[in-house]
Engineer: 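I'd like to ask you about the structure that follows.
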Amino acid sequence: MRRFPEGFRWGTASSAYQFEGDNTASDWWAWEQQPGRIRNGDRSGLACDWWRAAERDFDLMVGLHQNACRLSVEWGRLEPHDGAWDAAALARYLQMLRALRERGMEPLITLNHFTLPQWVADRGGWLWDGLPRAFAAFAGRLTRAAGALCDFWVTLNEPVGHLALAYLFGRFAPGRRNPIALARAVVRSVRAHAAAYRAIHAVQPHARVGVAAYLRPAEPAVPSSRLDVWLARRLDHATNWMYLDALATGRLRSPLGIQVAVPEAAGTMDYVGVNYYTRSRVTFDVRRPGSGFVREVPAPGVAQSDGGYGEIYPDGLLTVLRAARRYERPVYVTENGLPDAADRLRPAFIVEHLRRVAQAIAEGVPVRGYYHWAIVDNFEWADGWSLRFGLHALDRRTQARTPRPSAALYGEICRRNALP
Ligand code: FCB
């Protein structure tokens, strides 16, 4: 048995837009209605019905012996128009937070998990120069309202990956394909994080605030190719470390070496949030200038989860946890999971990834918690309902939940605070 440290946080992760349903004041609502944006023409609709009944899944979490839960709030619900707060929406969020506390779970609240209020999107979204100020005002106001129930915050979820999908690859709202826009959005995002970090700390000095970074090790497909090695290093810096380095140092260094000073961001990371799913194996492809000459080459003969989501590669989690040590902060695995409707691979996936977490702790990496994505199947952005990440299967018509075998396994690990 591998025991985890006393007080280790065992949770599941979620986001408002993917779980609540009917987030009509958010930019993704309009985006979803555009033909061709979501696989199979799916819609988020009622999602997992959390706005009315999140407590049903909170009960499932208690059944799994979780002591923690990561969830997000929908900015567009709380502030559907600039400066105008919705009192009923705030009351519902406070009710959800109390419901978690009553069930013995510590909330970790994400302030922005990809979606923006439509009024922010209309002003230019991540390119709007008023965004950092508006986001910080929102963060401060929420901290004042909810600070008695929560002191643990993620400002932004996967800022780099999200902005790349939104401004370079065109797959997420607002669907741009423009590297200059991406660069500007990344700078704006660092400023927004820094402003929110300071707004939260002004209200709640003891708060723990960070980002949940999508960390994906990049390796050369052909290790003897100098071009592939160079490309993998550039990609590794851009996807994994560029943004976190900026929160440590106040300097944003682009993959080609251009530096932008963002002094207000220096020292705005109280912990490192790690979202880990898979790795990249890349080769230089001259026919792909639009993707930075990157072509992904899946490793031959390895286990793949559903829908081409990527290779199952537990060692990559150890790699990024070791690397996260450089920031000298506590580390949380804020997401980890896989799409696997048949639950064929998930049990071994959970055990193997947690083995790497235990290994990292044994080596001295201060990992303090693990949040599995997700308690139940949910709306998977551009992939719609086609990818099933849940420990429980969801029947969208009846909202019935059916545990997959991994649910009991994960619950047993949480209960014992140890790996079998
Ligand atoms: C992560 C996202 C999360 C969910 C999982 C499967 O990258 O943060 O919202 O979509 O992937």
Side-chain angles (χ1 to χ4, degrees), residues 11-21 23 26-28 31-32 37-39 42 44 47-48 50 57 69-75 108-116 153-166 168-169 171-173 189 193 210-217 239-240 243-244 272-280 296 304-313 316-317 320 332-341 345-346 349-350 353 370-394 404 406:
T12 43
S14 64
S15 86
Y17 198 86
Q18 296 173 275
F19 284 72
E20 287 174 359
N23 265 309
S26 299
D27 60 345
W28 265 74
W31 174 254
E32 278 184 45
R37 297 304 189 191
I38 314 293
R39 194 184 286 187
D42 285 352
S44 59
C48 312
W50 272 28
D57 288 332
C69 169
R70 177 174 173 224
L71 75 174
S72 80
V73 289
E74 194 70 20
W75 183 3
L108 167 56
I109 300 183
T110 308
L111 298 176
N112 180 272
H113 199 118
F114 298 168
T115 52
L116 288 173
W153 311 90
V154 170
T155 54
L156 305 174
N157 183 66
E158 302 182 351
V160 178
H162 162 235
L163 294 175
L165 287 165
L168 187 62
F169 300 118
R171 271 178 40 89
F172 279 16
S189 158
H193 160 81
V211 295
Y214 182 86
L215 298 187
R216 176 172 178 139
T239 41
N240 300 328
Y243 198 98
L244 294 176
V272 188
V274 175
N275 290 1
Y276 177 76
Y277 287 91
T278 186
R279 71 163 162 176
S280 290
E296 294 254 357
Q304 297 274 342
S305 48
D306 294 348
Y309 198 75
E311 175 186 347
I312 294 179
Y313 187 62
L317 179 55
V320 295
Y332 291 83
V333 178
T334 37
E335 285 179 30
N336 175 233
L338 79 168
D340 180 20
L345 303 166
R346 192 177 284 102
F349 178 100
I350 291 174
H353 284 76
Y370 172 91
Y371 299 76
H372 192 78
W373 184 279
I375 188 70
V376 64
D377 295 336
N378 56 88
F379 179 71
E380 182 48 37
W381 306 114
D383 289 308
W385 292 94
S386 66
L387 299 183
R388 303 282 176 156
F389 278 86
L391 293 171
H392 297 80
L394 174 71
R404 296 196 166 98
S406 323

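All ligand and atom numbering here is 1-based and tracks the order in the structure.
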Engineer: Applying a 4.0 Å heavy-atom criterion (strictly less than), which segment of L387 is in contact with ligand 1: side chain, backbone, both, or neither?
Structural biologist: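 Neither; no heavy atom under 4.0 Å.
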
Engineer: Give the residue, atom name and distance (to 0.1 Å) of the protein heavy atom nearest atom 5 (C) of ligand 1.
Structural biologist: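 Nearest neighbour among protein heavy atoms for atom 5 (C) of ligand 1, to 0.1 Å: Y277 OH, 3.2 Å.
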
Engineer: Between F379 and ligand 1, which part of the residue brings a heavy atom under 4.0 Å of the ligand: side chain, backbone, both or neither?
Structural biologist: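 Neither part.
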
Engineer: Any nitrogen or oxygen of W381 lying under 3.5 Å from a nitrogen or oxygen in ligand 1? Just yes or no.
Structural biologist: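 Yes: some nitrogen or oxygen of W381 is under 3.5 Å from one in ligand 1.
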
Engineer: Among N275, T110, N157, which residue satisfies the side-chain hydrogen bond (donor to acceptor under 3.5 Å, both in side chains) criterion with T334?
Structural biologist: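 Checked N275, T110, N157 against T334; only one passes side-chain hydrogen bond (donor to acceptor under 3.5 Å, both in side chains): N275.
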
Engineer: Please state which option from Q18, E380, E335 has its nearest heavy atom closest to atom 6 (C) of ligand 1.
Structural biologist: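 Checking each option, the heavy atom nearest atom 6 (C) of ligand 1 is found in E380.
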
Engineer: Does at least one non-hydrogen atom of F19 fall below 4.0 angstrom from an atom of ligand 1?
Structural biologist: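 For ligand 1, residue contact (heavy atoms, under 4.0 Å) with F19 is absent.
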
Engineer: For W50 and D57, run side-chain hydrogen bond (donor to acceptor under 3.5 Å, both in side chains): C-alpha distance rounded to whole Å, both residues' side-chain angles, the deciding distance at 0.1 Å, then the answer.
Structural biologist: CA-CA 8 Å; W50 272 28; D57 288 332; 2.7 Å; yes

Engineer: Begin with the C-alpha distance, continue with both residues' side-chain angles, and end with the deciding distance and a verdict on side-chain contact (heavy atoms from CB on, under 4.5 Å) for Y214 and E335.
Structural biologist: CA-CA 9 Å; Y214 182 86; E335 285 179 30; over 6 Å; no

Engineer: So, for F172 and W28, is the gap between ring centers shorter than 6.0 Å?
Structural biologist: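 Yes, close enough.
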
Engineer: Heavy atoms only: which of N336, D383, N157, N275 lies closest to atom 8 (O) of ligand 1?
Structural biologist: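 When every heavy atom of N336, D383, N157, N275 is considered, N157 comes closest to atom 8 (O) of ligand 1.
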
Engineer: Is the shortest side-chain heavy-atom distance between T115 and D27 below 4.5 Å?
Structural biologist: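 Side chain of T115 against side chain of D27, heavy atoms only: contact under 4.5 Å found.
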
Engineer: Below 4.0 angstrom from a heavy atom of Y309, which ligand 1 atoms are there? Numbered from 1 as shown, please.
Structural biologist: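 Matching atoms, with element in brackets: 6 (C), 11 (O).
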
Engineer: Against heavy atoms of H113, which atoms of ligand 1 measure under 4.0 Å?
Structural biologist: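 What qualifies from ligand 1 is 2 (C), 3 (C), 8 (O), 9 (O).
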
